[in-house]
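Working notes, beginning with the structure itself.
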Amino acid sequence: EGSLNNYRSILTDFARTCKKDADKMALVNYIAEKRAEGNSNNTIRTKLAVIKGFIAWGHVNGFYESDFAQNIKLPNAEYHIAERMNKDEVTAMLHEPAPKGTHNALRNRAILELAIVTASRASAICNIKLSDVDFERRTITLKHTKRNKDIEHAMTDSLADILEEYINTERPEELSDNDYLFVGERKDRNDRDRKGGKFGK
C-alpha cells in the first residue's frame, strides 16, 4: 500500500506540470523542475522510473499513441562512500565506557569488535553459531547471505579474548553448540534473573 501511494503521488505530481496532454516535452520540463527544486539524482531516478513505467503501460493499453518516455534516460545514480575510521578512532571507540544501565556491555563490545575485524554485515554477524568459532585455529566462519557462501576470518588476539570472555561469563550456559553466538537482551536478562547474577560487566 505504501508503494502504491508513493507511485500515485509521483504520477499526480507529474500530471500537475502538464499544461495539456502528457508528452515528451512535459516530462523533460518535469525533470528540470525537480532539479531546480534540489532533488538528487537518486530521487529523480526513482520518480522518472515510475513515470516511464506508467507511460509504457499506457502505450501498450492504448492510452498513449507512443511511448514518449522510452528514449529519456535515467540520470546516473549517486553513490556516497562513507569515511573510514582511522586506527586511533577505532581504538577509542572500542575502549569507550558503556553507557550507564547497559545490560550487555561485554556482548555489545564483542559484536562491535567482530564487525571491525571482519568488515561484515550485521546479518552475517547475527547468524554466527557457537560452532562457527574455532579458538584452537583462531578463526571464525561467517555466513554471508549476499554472496551465498561461508567465509572464514582470522581472529585477532583481542577478538579471540573478548569472545572467549563473553562465552564463558555472559552467554547463557544452557544453550547448545548449534545455537546462535549472540543472544538477544531478553534471553540474556531472563537467564541472569534465574541465576541471580548481574547484568553487564
Check: Ile162 and Leu159 side chains under 4.5 Å, non-hydrogen atoms: yes
Heavy-atom side-chain proximity of Tyr166 to Asp161 below 4.5 angstrom: no
SG-CZ distance between Cys126 and Arg121, expressed to the nearest 0.5 angstrom: 13.0 Å
Nearest-0.5 Å distance, CG of residue Leu48 to CZ of residue Arg45: 9.0 Å
Smallest separation among heavy atoms of Ser120 and Thr118, with atom names: OG-OG1, 2.9 Å
Passing option when Phe182 is tested against Leu130, Leu163, Asn108 for side-chain contact (heavy atoms from CB on, under 4.5 Å): Leu163
Lys/Arg N to Asp/Glu carboxylate O, Asp67 vs Lys52, below 4.0 Å: no
Test ring-ring contact (aromatic ring centres under 6.0 Å, His included) applied to Phe14 and Phe54, step by step: CA-CA 11 Å; Phe14 170 56; Phe54 178 78; 8.7 Å; no
CD (Glu37) with more than 12 external heavy atoms under 6.0 Å: yes
Side-chain (Asn127) to main-chain (Ser123) donor-acceptor, under 3.5 angstrom: yes
Val117 to Ala154 - nearest heavy-atom pair and separation: CG1-O, 4.0 Å
Separation of Leu106 CG from Ile167 CD1 (nearest 0.5 Å): 10.0 Å
Value rounded to 0.5 Å, distance of CG in Asp150 from CG in Leu142: 9.0 Å
Closest approach of His59 to Tyr64 (non-hydrogen atoms, all atoms of both residues): ND1-O, 3.1 Å
Exercise: identify the closest heavy-atom pair between Ala69 and Leu27: CB-CD2, 3.5 Å
Donor-acceptor contact below 3.5 Å, side chain Asn39 vs main chain Arg35: no
Face-on cation placement of Lys129 at Tyr180 ring, 6.0 Å and 45° thresholds: yes
Short side-chain donor-acceptor distance under 3.5 Å, Glu33 and Thr17: no
Sidechain-backbone polar pair: His153 side chain, Ile140 backbone, donor-acceptor under 3.5 Å: no
Donor-acceptor side-chain pairing of Asp13 and Tyr30 below 3.5 angstrom: yes
Expected output: side-chain Asp134 to main-chain Glu136 donor-acceptor under 3.5 Å: yes
Check: Thr141 and Ile151 side chains under 4.5 Å, non-hydrogen atoms: no
Sidechain-backbone polar pair: Asn41 side chain, Asn76 backbone, donor-acceptor under 3.5 Å: yes
Reported CD1-to-OG distance for the pair Ile55 and Ser66, which is rounded to 0.5 angstrom: 9.0 Å
Between Thr43 and Thr46, a side-chain donor and acceptor under 3.5 Å: no
Rounded distance [0.5 Å steps], CG in Asn6 versus NZ in Lys47: 7.5 Å
Heavy atoms from other residues, nucleotides or ligands near CG of Asn61 exceed 12 (cutoff 6.0 Å): yes
Distance-only side-chain donor-acceptor flag, Arg8 / Asn5, under 3.5 Å: yes
Contact check, side chains of Arg137 and Met155, non-hydrogen atoms, under 4.5 Å: no
Donor-acceptor pair, side chain of Arg171 and main chain of Leu181, under 3.5 angstrom: yes
